[in-house]
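First up is the structure itself, then whatever we jot down about it.
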2 protein chains.
Amino acid sequence: MKTIARLFKALSDETRLRILSLLLYEELCVCDIMAVLQLPQSTVSRHLAYLKNAGWLDDRRCGVWMYYSIVDSGNSLQKSLLESLRENLSGLEMAVADRERLCGFSQHNRCA
Amino acid sequence: MKTIARLFKALSDETRLRILSLLLYEELCVCDIMAVLQLPQSTVSRHLAYLKNAGWLDDRRCGVWMYYSIVDSGNSLQKSLLESLRENLSGLEMAVADRERLCGFSQHNRCA
DNA sequence: ATAATATATCCGCATATCCGCTTATAATCA
DNA sequence: TGATTATAAGCGGATATGCGGATATATTAT
């Protein structure tokens, strides 16, 4: 029960929901997320660490860049919740705005 | 986004998950929940209020008794999450133990 | 009205959580 | 090696959250 509560706790913050909402579609690095969300590096980094420690994200380093993605190997509750998030977050105003901002960046100056 | 975070926050506590797990099956009153979870009245009452304020529960008074149940009229995320909880909580050791304790009470001394 | 029962709310306490700035660490290049 | 870039982690501050005991409120019976 406590581990389930922990999974939900990771989702109970707006910034973290925004991050997860972006990562539903593709792997991203910290600087992309920073740019899109327009948040300080330390804030983004802390939230990414929280999501990773809670079991939602994997990370990999590529040179100076750290890429984060949603775990492949989640349990059935996680899979179920991700499906719920996909269906319910994608239409939200803020999520749409974030994704549009990401598209803008992908055409111009992304880190990789 | 904030309201979604709030829905998840309501689920990010073990006691509240246990309460919700019981209410997945039937409406219960505060004293039933207290007895099953073996928690003080103020603790149970506070958590029920939190779940209600977050949009997960309805309440109705019947004499001195307050009955709580899961909302019928939740949004699609809520419906989706409840489905996930149904599938994933019911087999958990603690949830099973709680339900068994509830069955024991239902055959002997329940408030109603 | 008083007493009893059920429950909501208050209270103080301890801990957790979020924030952004600062510092430490990792990787790369000259 | 030192400098630069990217990112993790530390720090202090403000706020939120969980706890259980005490008190307030609601309902019912006498």
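A note on names: the letters A, B, ... follow the listed sequences, proteins ahead of strands, and every chain is numbered from 1.
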Whole-Å distance, B/Met66 CE to C/dA8 P, equals 5 Å
Closest heavy-atom pair, A/Tyr68 versus A/Lys52, reported as atoms and distance to 0.1 Å, is CE2-CD, 4.3 Å
At less than 3.5 Å, do the side-chain atoms of A/Ser42 and the base atoms of C/dC21 form a donor-acceptor pair? yes
### Query
If you group Ile, Leu, Val, Met, Phe, Trp and Tyr by side-chain heavy-atom gaps below 4.5 Å, do A/Val96 and B/Met1 land in one group?
no
Considering every strand and a 4.0 Å limit on heavy-atom distances, what is the contact class for B/Arg61: base, sugar-phosphate, or nothing? sugar-phosphate
Got B/His47 and B/Thr43 here, is their nearest side-chain heavy-atom distance under 4.5 Å?
yes
**Prompt:** Would you say C/dT7 has OP1 or OP2 under 4.0 Å from some side-chain N or O of B/Tyr67?
**Reply:** no
- Any donor and acceptor pair, going by atom type alone, linking the side chain of A/Arg99 with main-chain N or O of A/Ser21 inside 3.5 Å? no
Rounded to whole Å, the CE-C1' distance (A/Met34 to D/dT5) equals 11 Å
A/Lys9 NZ to C/dC18 C1', in whole Å, measures 12 Å
Under a 4.0 Å heavy-atom cutoff, the residues of residues 12-22 of chain B touching DNA chain C are none
In whole angstroms, the gap separating C1' of C/dG20 from CD of A/Gln38 amounts to 16 Å
A/Leu39 CG to C/dC18 C1', in whole Å, measures 12 Å
note: A/Gln41, atom CD; C/dG20, atom P; distance rounded to Å ~ 12 Å
Backbone N/O of B/Ala35 and side chain of B/Arg101: donor-acceptor pair under 3.5 Å
no
Tell me if a side-chain donor or acceptor on A/Arg16 pairs with a main-chain N or O of A/Lys9 at a distance below 3.5 Å. yes
B/Leu37 CG to D/dG18 P, in whole Å, measures 15 Å
Within residues 48-60 of chain A, those residues having any heavy atom closer than 4.0 Å to DNA chain D are none
Between CZ of A/Arg46 and C1' of D/dG12 the distance, given in whole Å, is 13 Å
Check the phosphate of D/dA6 against A/Tyr68, side-chain N and O only, distance under 4.0 Å to OP1 or OP2. Yes or no? no
Indicate whether OP1 or OP2 belonging to C/dG20 is found under 4.0 Å from a side-chain N or O atom of A/Thr43.
yes
Side-chain atoms of A/His47 come closest, of C/dA8, C/dC19, C/dA6, to C/dC19
(request) Could you tell me whether the side chain of A/Leu22 reaches within less than 4.5 Å of the side chain of A/Leu37, counting heavy atoms only? (result) yes
Residue pairs passing the salt bridge (Lys or Arg N to Asp or Glu O under 4.0 Å) test with at least one member in residues 62-90 of chain A, sequence neighbours excluded, are A/Glu83-A/Arg86
Can you check whether A/Ile19 reaches A/Thr15 side chain to side chain, under 4.5 Å on heavy atoms?
yes
